[in-house]
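Basis for what follows: all heavy atoms, side chains included, without hydrogens, waters or symmetry-related copies.
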Amino acid sequence: MIGKTISHYRVLEKLGGGGMGVVYKAKDTKLGRLVALKFLPDEVSQDEQALERFQREARAASALNHPHICTIYDIEQHDHSPFIAMELLEGQTLKQRIAGQPLPLELLLDLSIQIADALDAAHMGGIIHRDIKPANIFVTKRGQAKLLDFGVAKLAPQARPGKSTDATVTGTTEDPRLTSPGTSIGTVAYMSPEQARGEELDARTDLFSLGVVLYEMATGREAFHGETPAVIFEAILNRAPTPVRQLNPRLPAELERILSKTLEKDREMRCQTASELRADLKRARRDTDSARGATVSVPALPAADGEVVRRTASQWWGKPLLVGVVAFALVGAFVGGWWVGKGGERTLPQYQQLTFRRGTIRMARFASDGQTIVYGATWEGNSLELYATRPESPESRLLGFQNTEILAMSSLGEMAVSLNRRLSGAYIGIGTLARVPLAGGGPREILDKVQWADWAPDGRNLVVVRDIAGRSRLEFPIGNVLYESGNWISHPRVSPQGGQIAFLEHPLQGDDGGTVEIVELDGSKRTLSTRSISTQGLAWYPETGLFLKGQ
């Protein structure tokens, strides 16, 4: 095909292909624009049913004029092979964009609103797509969503959103072999329950399928999965997917509510129209933008000339500002700050209570979004478990790891945790170091006999304290011994520039006094303070050589 002129299109290169179409880049010699030509593969071009679906795609999409639906220019034939001339898109499919990872919230909401708007236009035009899935949604280089492939769409000129269209379609524009009740049409993992049962469909089937796509955008995982279609069908019909905020705690609660409404198995209780879904998503985006723009007072840093530097919350979120957390049955989110100006002005810190149960909280860490807080707690005498919470929520979510303690949180959204933690004191224990993605997934074990750990600023390397033959060993990166002591070491913290490690060194006997030490990457060490009695944590100020110690 390449180099040939077909009708008034000169074929330039092959873009890709699959079972139902081969796509080429071409130039429209009449209008001078670049287009995409989609041909039926030779092996199916004589298949009457495949030909009907191909033509259906052209008829359905060409009936719609919408910025988020791929534009169809023409349908023609070449050597008895039909082809569609359509808008040329540059970018990647949503399936390729997700690639097993959740999308950033802003992009997720923008794309979701665009897709819902496209479906609203299709439904108002009497067209039900019936195969909404990530592979049929294109994301351009400018972040615009385009709905593709109307090959199994129902054409119903008199349809109304939320109403069954089969009565309108039968005997007119539909082929009963493609659309008759009792036949499942679409892609199994993204079907609605009524679609899986082969029932008559209306526009709400697309909304359920879009909900499944949004779930995957939010978590990087399919909502319903299994080894066989039968297992997937059973999950669609009878099982609720794992709550999205359990897999991705950074998501707002409102998005979880919208998804739950969209994934209702009873379509009478589901979101009823695409315009309703679009409005819900727009409200979620507005509320997210408002929360992001909020300004809170946070600690000020002394500038070089002694002046006070004040920063807004948006300049601090995601930076490693965190004090050590001791064993109080309370986690407080830092929402205020302190500073001392020339006149000695001082503002006290402000805190917000986030937990309300009896027990002990051992460690807490901010996630990279600056809002999600992961902590380890033993409530009402139960085993040590991990929880996640946010300042705007009075509830904590159990993350599903027992006898596990959070040690550190990386800038890339990974937790360093200690599995099977064996406690030998109030603040010291030995366990297996593991990495756990905060967005969801099982722990990946790294190293045994670990007492403490901290991530480097790049989120890729870890500093660890290990108990080896009764001696406390500081390693950074893992395997490279920087310092070893017959005393015990705690709370290693990597500097913002990654060139120094601060830690506490405690005597084996006597009180909990100890020294604050800093070791360079070449192994040289210096003592910053002595007899730091009952100190239970260190944290570096971002981008400075100062640090804050909790006592």
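- The closest donor-acceptor contact from the side chain of Arg397 to the backbone of Arg245 lies under 3.5 Å.
- Side-chain atoms of Glu90 and Arg142, non-hydrogen and from C-beta on, never get closer than 4.5 Å to each other.
- Of the possible polar contacts, none joining the Asn461 side chain to the Pro477 backbone as a donor-acceptor pair under 3.5 Å is found.
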Candidate pair Leu462 and Ile446, rule side-chain contact (heavy atoms from CB on, under 4.5 Å), full reasoning | CA-CA 10 Å; Leu462 284 157; Ile446 302 174; 4.1 Å; yes
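- For Glu254, the salt bridge (charged side-chain N to carboxylate O under 4.0 Å, His left out) partners two or more places apart in sequence, or in a different chain, are Arg257.
- Side chain of Trp455 to main chain of Ser411: no donor-acceptor pair is present (N/O by atom type, distance under 3.5 Å, no hydrogens or angles).
- Distance OG1/Thr389 to OH/Tyr375: 6.0 Å, rounded to 0.5 Å.
- Checked by atom type and distance alone, the side chain of Gln96 pairs as donor or acceptor with a backbone atom of Thr93 at under 3.5 Å.
- Although no hydrogens or angles enter the test, the distance criterion places no donor-acceptor pair under 3.5 Å between the side chain of Arg365 and the main chain of Met409.
- In this structure, Pro243 and Glu256 have side chains that are in contact, with non-hydrogen atoms separated by less than 4.5 Å.
- Scanning both residues, Gly226 and Ile232, for their nearest heavy atoms gives N-CG1, 3.5 Å.
- Of the candidates Val374, Thr372, Ile373, Ile373 is the only one forming a side-chain contact (heavy atoms from CB on, under 4.5 Å) with Phe366.
- Residues Ile478 and Glu475 have side chains in contact (heavy-atom distance under 4.5 Å, counting atoms from C-beta outward).
- With rounding to the nearest 0.5 angstrom, the OG atom of Ser396 is 7.5 Å from the CD1 atom of Ile361.
- The minimum heavy-atom distance between Pro193 and Arg270, with the atom names listed, is CD-NH2, 3.8 Å.
- Ring-plane geometry between His506 and Trp488 is classed as parallel, the angle between the planes falling under 30 degrees on a 0 to 90 degree scale with a further cut at 60.
- Side-chain atoms of Arg285 never come within 3.5 Å of backbone atoms of Glu106 as a donor-acceptor pair (strictly under, hydrogens ignored).
- Enclosure of atom NZ in Lys282 is not indicated, since only 12 or fewer non-hydrogen atoms of other residues, nucleotides or ligands lie within 6.0 angstrom.
- Remark: side-chain polar atoms of Arg493 are not paired, donor with acceptor, to backbone N or O of Ala539 under 3.5 angstrom.
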Should Trp452 and Ile489 be marked as a side-chain contact (heavy atoms from CB on, under 4.5 Å) after you check the CA-CA gap, both sets of side-chain angles, and the distance that decides it?
-> CA-CA 8 Å; Trp452 298 91; Ile489 297 172; over 6 Å; no
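- Side-chain N or O atoms of Arg239 include none that pairs as donor or acceptor with a backbone N or O of Glu234 at under 3.5 Å.
- Residues Val465 and Phe503 form no side-chain contact, since every pair of their non-hydrogen atoms from C-beta on lies 4.5 Å or further apart.
- Within 6.0 Å of NZ on Lys261 lie more than 12 heavy atoms contributed by other residues, nucleotides or ligands.
- Of all heavy-atom pairs between Leu89 and Thr140, the closest is CD2-CG2, 4.4 Å.
- Rounding to the nearest 0.5 Å places CE of Met217 at 8.0 Å from CG of Leu210.
- Proximity of Pro443 to Leu419: side-chain heavy atoms (C-beta onward) are separated by under 4.5 Å at one or more points.
- Taken to the nearest 0.5 Å, the CG atom of Leu148 stands 8.5 Å off from the CD1 atom of Ile137.
- Ser524 and Asp522 make their closest contact through OG-OD1, 2.7 Å (heavy atoms, listed as atom of the first residue, atom of the second, distance).
- Summarising the geometry of Leu237 relative to Lys265, their closest heavy-atom pair is O-CD, 3.3 Å, with the distance given to 0.1 Å.
- For the residue pair Tyr387 and Thr355, no side-chain donor N or O sits within less than 3.5 Å of a side-chain acceptor on the partner.
- Using a 4.5 Å heavy-atom threshold, the side chains of Leu111 and Arg97 count as separate.
- Ser209 contributes a side-chain N or O that, together with a main-chain N or O of Tyr190, makes up a donor-acceptor pair within less than 3.5 Å.
- A side-chain donor-acceptor contact under 3.5 Å links Glu505 and Tyr483.
- For Lys449, the NZ atom sits in a loose shell: 12 or fewer heavy atoms of surrounding residues, nucleotides or ligands are nearer than 6.0 Å.
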Quick one: do Leu207 and Ile132 satisfy side-chain contact (heavy atoms from CB on, under 4.5 Å)? Show the steps, please.
-> CA-CA 9 Å; Leu207 302 183; Ile132 300 296; over 6 Å; no
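- In terms of heavy atoms, Val450 sits closest to Arg466 at CG2-CG, 4.2 Å.
- For the atom pair Asp280 CG and Leu259 CG, the distance stands at 10.5 Å (nearest 0.5 Å).
- Using a 4.5 Å heavy-atom threshold, the side chains of Leu109 and Leu255 count as touching.
- Checking side-chain atoms of His68 against main-chain N and O of Ile115 turns up no donor-acceptor pair under 3.5 Å.
- Rounding to the nearest 0.5 angstrom, the gap separating the CG atom in Leu447 from the OG1 atom in Thr432 is 8.5 Å.
- Using a 4.5 Å heavy-atom cutoff, the side chains of Leu407 and Val417 are not in contact.
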